There are 2 protein chains.
Amino acid sequence: MTSTAPTAATPEDLLRGVGLRVTAPRVAALRAVGDSQHATADDVLSSVRAELGTVSVQAVYDVLHALTDADLLRRIEPAGHPARYERRTGDNHHHVVCRECGAIGDVDCSVGHAPCLTPSDDRGFVVETAEVTYWGLCPDCSA
Amino acid sequence: MTSTAPTAATPEDLLRGVGLRVTAPRVAALRAVGDSQHATADDVLSSVRAELGTVSVQAVYDVLHALTDADLLRRIEPAGHPARYERRTGDNHHHVVCRECGAIGDVDCSVGHAPCLTPSDDRGFVVETAEVTYWGLCPDCSA
DNA sequence: GACCTCAACTGGAATCATTCCAGTTTACGG
DNA sequence: CCGTAAACTGGAATGATTCCAGTTGAGGTC
């Protein structure tokens, strides 16, 4: 039982919706990320293998890339920790990352309307996105 | 020797100031990072070797860690790119990172007083720092 | 100014997430 | 039901960084 959002679309529908072929690894991966918040590629690999049997490492990376490119998943890459994936896309929310174990929590943009979104001086860069990361210790590790 | 203004501290003074032994690799690394803004470990390795001859890879990583721990350097770790180091520490300024080449620019905190510094909901995490990264294309790569 | 000790350095092997490659399978439009 | 591009397989390679065991040297002590 997943989040009963207005978009209660099945993985199959989601894939078709963005014009991607419906394959077992993709369906399984999409479900795996939905079930466990902020799963790593390795987590996804385990889940998918548990469900389907033999699936190559490469397949999972391919799938995660395809889904990320199609905006069905969002990739989070905290410095010093393997990348993690989540289903919440589109809303620009941020993350708290545990320095110890790499655990991640979602944080909605506090000031309401994307605060730091425009740099004071863009240094000639064409800025596309702003990303806020909070670093600290998760409940478990701060014991 | 000439005891100059406190702001114009030599690498040697900086090292002694934080209680670190003064060694050739450290002095050279400190200078290398100061000269080229946002140098990678590899950049530093090259500079240090150009100055001193043979220096081990490990020595440079050790040095960069020691200097970062002592707050003489700040480490920036942009997702998908090797870590970079800078001399500006203490002030919480942020960075623009080029998606293409990994080039980095400094950005002072726009809204003046650390805007997103407190998450709306800390999820039980003990939050220590907030980090803002702007992603885009540098002047060269946006051509 | 020689001595001692632990921090710092050497060099080579190992790690880990991720990607590259060449060949095989499969979804799905025609 | 067929053909083809897109997906997947499995194994080797990459690249930044770290681990390890042994050697060197900075700087306090006498």
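Everything numeric here is computed off the predicted structure, so don't read it as measured data. Sequence lines set the chain letters: A, B, ... in the order given, protein chains first and strands last, and positions in each chain run from 1.
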Colleague: For the pair A/Arg87 (side chain) and A/Leu30 (backbone), establish whether a donor and an acceptor sit closer than 3.5 Å, ignoring hydrogens and angles.
Modeller: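 At least one qualifying donor-acceptor pair exists.
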Colleague: When all nucleic acid strands are considered with a 4.0 Å heavy-atom cut-off, which category describes B/Ala66: base, sugar-phosphate, or nothing?
Modeller: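 No contact.
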Colleague: Atom CG of A/Asp42 to atom C1' of C/dC16: distance rounded to whole Å?
Modeller: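 Rounded to whole Å, this separation is 10 Å.
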Colleague: Could you tell me whether the phosphate oxygens of C/dT18, OP1 or OP2, come under 4.0 Å of any side-chain nitrogen or oxygen in A/Tyr61?
Modeller: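 So the side chain of A/Tyr61 is within the cut-off, an N or O lying under 4.0 Å from OP1 or OP2 of C/dT18.
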Colleague: Roughly how many Å is it from CG in B/Leu20 to P in C/dA8, rounded to a whole number?
Modeller: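 After rounding, the reported distance stands at 7 Å.
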Colleague: Under the criterion side-chain contact (heavy atoms from CB on, under 4.5 Å), I'd like the reasoning laid out for A/Val107 against A/His93: C-alpha separation, chi angles, the key distance, then a yes or no.
Modeller: CA-CA 6 Å; A/Val107 176; A/His93 71 275; over 6 Å; no
Colleague: How would you label the contact of A/His81 with the nucleic acid (heavy atoms, under 4.0 Å): base, sugar-phosphate, or nothing?
Modeller: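 Since no nucleic acid heavy atom lies under 4.0 Å of A/His81, the category is nothing.
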Colleague: Between B/Ala83 and B/Arg16, who's closer to the 5' end of DNA chain D by nearest nucleotide?
Modeller: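 Closest to the 5' end, via its nearest nucleotide, is B/Ala83.
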Colleague: When the nearest nucleotide of DNA chain C is assigned to B/Val57 and to A/Arg21 on a heavy-atom basis, which residue is associated with the more 5' position?
Modeller: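 The residue whose closest nucleotide sits nearer the 5' end is B/Val57.
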Colleague: Please state how far atom CG in A/Asp62 lies from atom C1' in C/dT25, giving the value in whole angstrom units.
Modeller: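 For the pair A/Asp62 CG and C/dT25 C1', the rounded distance is 14 Å.
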Colleague: Between A/Leu72 and A/Leu15, is there a side-chain heavy-atom distance shorter than 4.5 Å?
Modeller: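 They are in side-chain contact.
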Colleague: Quick check against the 3.5 Å criterion: does A/Arg75 have a side-chain atom that pairs as donor or acceptor with the backbone of A/Ala83?
Modeller: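 A pair under 3.5 Å: no.
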Colleague: Without decimals, in angstroms, what is the distance between B/Leu64 CG and C/dA8 C1'?
Modeller: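 Between C1' of C/dA8 and CG of B/Leu64: 14 Å.
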Colleague: Please list, in 5' to 3' order, the outermost nucleotides of DNA chain D lying under 4.0 Å from any heavy atom of chain A.
Modeller: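 From 5' to 3', the first and last contacting nucleotides are D/dA5 to D/dG10.
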Colleague: Output yes when A/Arg88 and A/Asp108 qualify as a salt bridge under the 4.0 Å nitrogen-oxygen rule, no when they do not.
Modeller: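 Salt bridge present between A/Arg88 and A/Asp108.
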Colleague: How is A/Thr54 classified with respect to the nucleic acid when contacts are heavy atoms under 4.0 Å: base, sugar-phosphate, or nothing?
Modeller: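 Sugar-phosphate, no base atom in range.
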Colleague: Regarding A/Arg49 and A/Glu51, does a basic nitrogen lie under 4.0 Å from an acidic carboxylate oxygen?
Modeller: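 A salt bridge is absent here (no side-chain N lies under 4.0 Å from a carboxylate O).
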Colleague: Without decimals, in angstroms, what is the distance between A/Leu52 CG and C/dT26 C1'?
Modeller: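 A/Leu52 atom CG is separated from C/dT26 atom C1' by 15 Å.
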Colleague: From CZ of A/Arg75 over to P of C/dT18, roughly how many Å is that when rounded to an integer?
Modeller: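 Value for this atom pair: 8 Å.
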Colleague: For B/Ala24 and A/Val55, find the nucleotide of DNA chain D closest to each by heavy atoms; which residue's nucleotide sits nearer the 5' end?
Modeller: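 Mapping each residue to its closest nucleotide by heavy atoms, the 5'-most match is A/Val55.
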Colleague: Please answer whether the main-chain N or O of A/Asp71 pairs with a side-chain N or O of A/Thr89 as donor and acceptor at a distance below 3.5 Å.
Modeller: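 Side chain of A/Thr89 to backbone of A/Asp71: a pair is present.
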Colleague: Whether B/Thr23 contacts C/dA7 is assessed here as follows: a side-chain N or O lying under 4.0 Å from the phosphate OP1 or OP2. Is that the case?
Modeller: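 So the side chain of B/Thr23 is outside the cut-off, no N or O lying under 4.0 Å from OP1 or OP2 of C/dA7.
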Colleague: Side chain of B/Arg26, heavy atoms from C-beta onward: which of C/dT18, C/dC28, C/dA8 has the nearest atom to it?
Modeller: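 Closest nucleotide to the B/Arg26 side chain: C/dA8.
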Colleague: B/Leu45 CG to C/dC9 P: how many Å, rounded?
Modeller: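 Taking CG of B/Leu45 and P of C/dC9, I get 13 Å after rounding.
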